[in-house]
Amino acid sequence: DVKVTQSSRYLVKRTGEKVFLECVQDMDHENMFWYRQDPGLGLRLIYFSYDVKMKEKGDIPEGYSVSREKKERFSLILESASTNQTSMYLCASSPTSGGSYEQYFGPGTRLTVT
Amino acid sequence: AQSVSQHNHHVILSEAASLELGCNYSYGGTVNLFWYVQYPGQHLQLLLKYFSGDPLVKGIKGFEAEFIKSKFSFNLRKPSVQWSDTAEYFCAVNARRTGGFKTIFGAGTRLFVKA
């Protein structure tokens, strides 16, 4: 079974803090994604990566950056957290081979910025 | 711009009722289609997927979906829901394009099944 893990289930941070969200997958998938999930808005793509050290902006990259130094790990960074970044953050991975593009999700990190 | 529209944000049904959740997308090229489900407190997980072939796709737990290309639709159905189907359901479209792909999710439909 594909396993995608996220470093924290719940985080509470203060406005202006730098926040790191870590994601690790154990299936050697090329592609990794960060989404935020908000009620009524579904999943919105923040950034994705299709290879080590490669990253692409998604639909809402402002206020976020990412890092992918190793294939299995994809980090999301909030340089200066703001209250409007309070949300559920989901990490996902998918293979490129096979053409399925099915994504496998982690449990999510619920981030509260006060 | 590509988009995915789910017709209902909240659905409340009694057990044994039939379910149909609508999903429409806007993209004229080749697509892969998915329904994901998120049970309370659990990961988002794949319910079913369509790539090609038979447009009627069967997934886990008795769910099925029908791809109607002419209507750009991929509606999810279940003939008789159970209390354990209470969850949030997301339709997703993976648009294959030259040089890559992009997956777009709908806003989700929260289903509550009354026991």
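What you see is a predicted model; the values in this text were computed from it and never measured. Letters A, B, ... are given to chains in the order of the sequence lines, protein chains preceding strands, and every chain is numbered from 1.
- Between A:Gly40 and B:Ala107, the shortest heavy-atom distance links the atoms O-CB, 3.4 Å.
- Within the 3.5 Å criterion, the main-chain N or O of A:Phe105 finds no donor-acceptor partner in the side chain of B:Tyr36.
- Environment of CD1 in B:Ile12: sparse, with no more than 12 heavy atoms of neighbouring residues, nucleotides or ligands closer than 6.0 Å.
- With a 4.5 angstrom heavy-atom cutoff, A:Asn31 touches chain B only via side-chain atoms.
- Residues of residues 42-78 of chain A lying under 4.5 angstrom from chain B, judged on non-hydrogen atoms, are A:Gly42, A:Leu43, A:Asp59 by number.
- Rounding to the nearest 0.5 angstrom, the gap separating the CG atom in B:Asn94 from the CD atom in A:Gln103 is 7.5 Å.
- Both B:Val37 and B:Val11 belong to a single network of hydrophobic side chains, linked directly or stepwise wherever heavy atoms of I, L, V, M, F, W or Y lie under 4.5 Å apart.
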Identify every side-chain donor-acceptor pair in residues 50-60 of chain B under 3.5 Å, counting partners at least two apart or on other chains, and give the distances.
unit_1: B:Asp54; atom_1: OD1; unit_2: B:Leu56; atom_2: N; d: 2.9
unit_1: B:Lys58; atom_1: NZ; unit_2: B:Glu64; atom_2: OE1; d: 2.8

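- A single hydrophobic cluster is seen to contain both B:Tyr27 and B:Ile104, as judged by linkage of ILVMFWY side chains at heavy-atom distances under 4.5 Å, directly or through other members.
- Within the 4.5 Å cutoff, the side chain of A:Gln6 has no heavy atoms near those of the B:His43 side chain.
- Between atom CG of residue A:Leu90 and atom CD of residue B:Gln38 there is a gap of 6.5 Å, rounded to the nearest 0.5 Å.
- Heavy atoms of B:Gln42 lying under 4.5 Å from chain A are absent altogether.
- Heavy atoms of B:Leu44 lying under 4.5 Å from chain A belong to its backbone as well as its side chain.
- Under the 4.5 Å side-chain heavy-atom criterion for grouping Ile, Leu, Val, Met, Phe, Trp and Tyr, A:Met88 is not connected to A:Val113 through any hydrophobic cluster.
- In the hydrophobic cluster analysis, where Ile, Leu, Val, Met, Phe, Trp and Tyr join through side-chain heavy atoms closer than 4.5 angstrom, B:Leu76 is grouped together with B:Tyr39.
- B:Phe105 and A:Trp34 sit in two unconnected hydrophobic clusters of ILVMFWY residues. Membership requires side-chain heavy atoms under 4.5 Å apart, directly or through other members.
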